[in-house]
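Reading through the structure tokens given below for one structure.
Chain letters run A, B, ... following the sequence lines, proteins first and then strands; every chain starts at 1. Below, each value reflects all heavy atoms present in this structure, side chains not excepted, and no hydrogens, waters or symmetry copies. Just so you know, these numbers come straight off a predicted model, no measurement behind them.
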Amino acid sequence: MAAEIKKLGASFYSRPNVLAIAKDLLGKLLVTRLDHHYTSGRIVETEAYAGITDRASHAYGGRRTDRTEVMYGRGGLAYVYFVYGIHHLFNVVTNGKDIPHAILIRALEPVDGIAYMVKRTGKKKDDIALTSGPGNLSKALGLYKEHSGLSLFGKEVYIADDGYRVRSNLIGSTARIGVDYAGDDAKLLYRFVIKGNKYVSGGKKNQVHP
DNA sequence: CTGACGATTCACT
DNA sequence: GTGAATCGTCAGC
């Protein structure tokens, strides 16, 4: 653990610009204290989902279901959902109540509790796939849909600033991954990466913009 | 109640 | 590059 770690608060998550928040999350630490283990990783890849006008978002058109209800809550909640019958994907809810913005965390660089992450994922060793890709990192940190709706202001799951800063010229934007169904909105440059970081997940075809 | 499919990953060709 | 895995969620009947 770094010496000085500050948990991100409501003023960070409640901002209206989901793209700015997605960019600001790069370099922050995602921390979980679950099943008696402290695990954390530095965020190196995010994707923004901009609410009811974004065709790629689960909340497009104002759709409200049992699953997506948490997206309509205040900023600073975890939104975790299950896809493909296999994977749980971890997102952060932003903006205010009834404005369903969210940011998918797509890749981390492991920091603390790496041995336990390896155990959780059932992998044989610490390789890149441990926390590269949204399904992989959620499993490595022990995040499942039962955590959906959990506040990020508590002690179990939170995001923190340890003073690490990403040089702005190392931040790139690209189109989002796996959202072909979204028509023109699939082209939006709503994915943010730390350029050159080896934990950034696939999507190599997606051109990185400076 | 039913059928179709997904903000993915991995093994295999 | 292609396809299987695998089941909760959701729209439609």
If a protein heavy atom is under 4.0 Å from the base, mark B; if only from the sugar-phosphate, S; if neither, -; do that for nucleotides 4-13 of chain B going 5' to 3'.
--BBBSS---
A:K6: salt bridge (charged side-chain N to carboxylate O under 4.0 Å, His left out) partners, not counting sequence neighbours:
none
With sequence neighbours left out, write down each residue that passes salt bridge (charged side-chain N to carboxylate O under 4.0 Å, His left out) with A:R67, or none if nothing qualifies.
none
State, without any angle test, whether A:D35 and A:Y116 hold a side-chain donor-acceptor pair at a distance under 3.5 Å.
yes
To the nearest angstrom, how far is A:D66 atom CG from C:dC10 atom C1'?
10 Å
Applying side-chain contact (heavy atoms from CB on, under 4.5 Å) to A:L104 and not counting sequence neighbours gives A:E47, A:Y49, A:L89, A:N91, A:R106, A:P134
According to ring-ring contact (aromatic ring centres under 6.0 Å, His included), who are the partners of A:H147, at least two apart in sequence or on a separate chain?
none
Distance between the P atoms of C:dG3 and B:dC5, in whole angstroms?
16 Å
Got a salt bridge between A:R64 and A:D98, using NZ or NE/NH1/NH2 to carboxylate O under 4.0 Å?
yes
Let me check I have this right: for DNA chain B, each base becomes ., (, ), [, ] or |, based on Watson-Crick or G-U pairs with both distances under 3.5 Å. What is the full string?
||||||.|||||.
Donor-acceptor check, side chain of A:S138 to backbone of A:F90, threshold 3.5 angstrom: yes or no?
yes
Are any of A:T65's side-chain N or O atoms less than 4.0 Å away from OP1 or OP2 of C:dC10?
yes
Has A:R63 got its NZ or CZ under 6.0 Å from the middle of the six-membered ring of A:Y60, at an angle within 45 degrees of the ring axis?
no
